[in-house]
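Remember, it's a predicted structure, so these values are computed and weren't measured experimentally. Basis for what follows: all heavy atoms, side chains included, without hydrogens, waters or symmetry-related copies.
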Amino acid sequence: MLTPAAQFLTYAEAVALYQQLKEAEVDALVKTCGPPSFPFGDGLFYQLLIEEADVPLARETVEAFELQRAAPKAVRCSRCRAEGAAPLLRPAWWQRLYYAGTVLHKCTQCGTEFPV
């Protein structure tokens with residue numbers, strides 16, 4: 001019987017985990033899940049299904065993938081791709097209005113301000 005190994009993945013995450021499981025010699029099935037997308041009706045997210053007998057083999061790979069997935073990503077500058085951009089402490093009133101719902105960051109290398 002098939003059991004879910006991971007759920008609510010993006011397509012890129014599902015493919016990456018599928019490849020990692022394939023290298024660990026675990027057969028997996030990628031299937032859509034989650035709320036349907038308009039107009040096609042497929043799920044917006046993906047899940048990986050594996051055989052119940054393969055769960056012990058896949059456990060270490062899936063746990064490592066989940067840790068990597070949950071780790072915060074480094075903020076990179078949109079212009080020079082440098083890491084270490086800091087949040088802008090006091091944006092102007094129009095920036096607070098225009099970029100509502102995001103946090104403005106300023107690159108320490110080139111000075112570019114960009115939303116995250």
Side-chain angles (χ1 to χ4, degrees):
M1 179 166 210
L2 294 176
T3 183
Q7 294 181 331
F8 300 107
L9 304 169
T10 64
Y11 180 74
E13 291 171 340
V15 169
L17 182 56
Y18 175 82
Q19 293 296 332
Q20 290 176 12
L21 288 173
K22 191 174 180 180
E23 289 173 5
E25 297 180 2
V26 175
D27 291 327
L29 174 69
V30 178
K31 188 176 176 188
T32 61
C33 71
S37 61
F38 181 77
F40 303 109
D42 288 335
L44 291 174
F45 300 105
Y46 295 86
Q47 65 180 344
L48 264 75
L49 302 171
I50 60 173
E51 288 287 339
E52 285 184 16
D54 291 337
V55 170
L57 294 172
R59 180 172 285 126
E60 186 178 324
T61 304
V62 172
E63 287 175 355
F65 180 80
E66 289 295 332
L67 283 175
Q68 176 263 332
R69 183 178 175 214
K73 308 290 187 271
V75 177
R76 291 185 166 269
C77 175
S78 58
R79 178 181 285 170
C80 69
R81 306 300 297 163
E83 289 185 6
L88 196 61
L89 296 178
R90 300 213 37 174
W93 68 270
W94 64 270
Q95 289 174 324
R96 289 193 304 263
L97 181 67
Y98 187 77
Y99 296 110
T102 62
V103 178
L104 277 178
H105 285 70
K106 186 170 187 172
C107 180
T108 55
Q109 301 232 341
C110 67
T112 301
E113 295 178 358
F114 58 95
V116 174

Report yes if the side chains of L2 and E51 come closer than 4.5 Å at any heavy-atom pair, otherwise no. yes

Nearest heavy atoms of A85 and C107, plus distance in Å: CB-CA, 4.1 Å

Supply the atom-to-atom distance F114 CZ to Y99 OH, rounded to the nearest 0.5 angstrom. 11.0 Å

Can you see which heavy atom on T61 is nearest to which on L57, and at what distance? OG1-O, 4.4 Å

How long is the span from the CG atom in L88 to the CZ atom in R96, to the nearest 0.5 Å? 10.5 Å

Report the distance from atom CD of E83 to atom OG1 of T108, rounding to the nearest 0.5 Å. 10.5 Å

Neighbour count above 12 (heavy atom, 6.0 Å) for R69 CZ: yes

Following the transitive rule for hydrophobic clusters with a side-chain heavy-atom cut-off under 4.5 Å over Ile, Leu, Val, Met, Phe, Trp and Tyr, establish whether L44 and Y18 coincide in one cluster. no

Note, L49 side chain near T3 side chain (heavy atom, < 4.5 Å): no

Flag the pair L9 / V15 as yes when at least one side-chain heavy-atom distance between them is below 4.5 Å, and no otherwise. no

Heavy-atom nearest pair, V116 first then T102, reads O-CB, 3.6 Å

Backbone N/O of R76 and side chain of R81: donor-acceptor pair under 3.5 Å: no

Name the orientation class of the two ring planes belonging to F8 and F45 (parallel below 30°, tilted from 30 to 60°, perpendicular beyond 60°). perpendicular

Could you tabulate the donor-acceptor pairs under 3.5 Å formed by side-chain atoms of residues 25-34, not counting sequence neighbours?
none

What are the two closest non-hydrogen atoms of K106 and G111, and how far apart are they? CE-O, 3.7 Å

Over all heavy atoms of both residues, which pair between T10 and Y46 is shortest? Give the atoms and the distance, please. C-CD1, 4.0 Å

Sub-4.5 Å side-chain heavy-atom contact between S78 and T112: yes

Could you report the tightest heavy-atom contact between H105 and P87, atom names first, then the distance? CD2-N, 3.6 Å

Test item: E60 and E63 side chains (from C-beta on) under 4.5 Å apart, heavy atoms: no

For R59, give me all partners under side-chain hydrogen bond (donor to acceptor under 3.5 Å, both in side chains), at least two apart in sequence or on another chain. none

